[in-house]
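Notes to accompany the following structure.
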Amino acid sequence: MNSPFVTCRNLVKNYETPTGSLEVLKGVNLEIQSGDFVAIIGPSGAGKTTLLNMITGVDKSTGGEVVVGDRRVTDTPQPQLVKWRAQTIGIVFQFFQLLPTISVADNIVFPMDYANVHKPAQRRDYALSLLARLGIEDQAVKRPDMLSGGQQQRVAIARALANEPPLIIGDEPTANLDRMSTENVFNIFRDAAARGAAVIITTYDREIVANVPRVYELKHGVLHEVKSDRRALA
Ligand code: ADP
């Protein structure tokens, strides 16, 4: 088997709070190959977002290590991670984090410009094609705050796909979507995995969990595999 694209080894994260140290991750181990589609479930407050933040390197772990591709994320200083992250990871944040002062289309062109991905003359067309795949091409010239929550969610998904990254991470990426849009987004993530991306999402959605080939549950700071069907995407 190829070496994993994402590895977490004995990952520990404590938050220091006024009432003491809160141990959120107590030794998480995880290996994800390119082409894997993995869901992480667990009750609210279990540490799912924390785990994603460790993998993307937006927050620092207390112990253990994270390796993504050939980069040891846990040892890399934040300034070096910024460009690497833009080239390597497409992130759908729980609260979208769209840039409020530019158009929907420009929000999707922005990461392509930043990471210098795709030919400059083709970036806008590519952004529009992503919006069309998500069914919101008619929203392209609006500012994000003129869109509904579900539409903003889809813009965030289009932005995450813009650089065709080898790793796609979604923190409850379908939380604001109706059933049909959820299915559409699920298919887009599944296609990205089939084309070779490693895809990790957190979700509460039972239908998604039923259809994702590998599911882990985060509970009491430890990750347990609850389903593994590596043939499901074949
Ligand atoms: P989930 O995504 O599973 O809902 P989170 O990773 O957001 O869980 O949070 C896990 C726990 O860590 C929660 O108890 C939350 O209150 C706490 N937590 C998250 N971020 C911080 C922080 N920056 N400082 C202190 N506690 C935090």
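Counting convention: from 1, in listed order, for ligands and their atoms alike.
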>> Residue-level breakdown please: for Val24 versus ligand 1, do any non-hydrogen atoms fall below 4.0 Å on the side chain, on the backbone, on both, or on neither?
In response: side chain

Side chains of [X] and [Y]: closer than 4.5 Å at any heavy-atom pair?
{"X": "Glu137", "Y": "Leu128", "result": "no"}
{"X": "Leu223", "Y": "Asn29", "result": "no"}
{"X": "Ile201", "Y": "Ile208", "result": "yes"}

To which protein heavy atom is [atom] closest, and what is the distance rounded to 0.1 Å?
{"atom": "atom 17 (C) of ligand 1", "result": "Leu22 CD2, 3.7 Å"}
{"atom": "atom 6 (O) of ligand 1", "result": "Thr50 OG1, 2.6 Å"}
{"atom": "atom 24 (N) of ligand 1", "result": "Tyr15 CD2, 3.5 Å"}
{"atom": "atom 7 (O) of ligand 1", "result": "Thr49 CB, 3.7 Å"}
{"atom": "atom 4 (O) of ligand 1", "result": "Gly45 N, 2.7 Å"}

>> I need the atoms of ligand 1 closer than 4.0 Å to a non-hydrogen atom of Pro43, numbered in the order shown.
In response: 3 (O)

>> I need the atoms of ligand 1 closer than 4.0 Å to a non-hydrogen atom of Lys48, numbered in the order shown.
In response: 1 (P), 2 (O), 3 (O), 4 (O), 6 (O), 8 (O)

>> Checking the side chain of Asn116 only, and the main-chain atoms of Met112 only, is there a donor and an acceptor separated by less than 3.5 Å?
In response: no

> Which residue pairs pass the ring-ring contact (aromatic ring centres under 6.0 Å, His included) test with at least one member in residues 159-199, sequence neighbours excluded?
Replying inline: Phe37-Phe186

>> For residues 93-117, which residue pairs pass the ring-ring contact (aromatic ring centres under 6.0 Å, His included) check, not counting sequence neighbours?
In response: none

> Are any of the heavy atoms in Gly47 under 4.0 Å away from ligand 1?
Replying inline: yes

> How about atom 15 (C) of ligand 1: does it have a protein heavy atom within less than 4.0 Å?
Replying inline: no

> So, are Arg179 and Glu207 salt-bridged, with charged N and O less than 4.0 Å apart?
Replying inline: yes

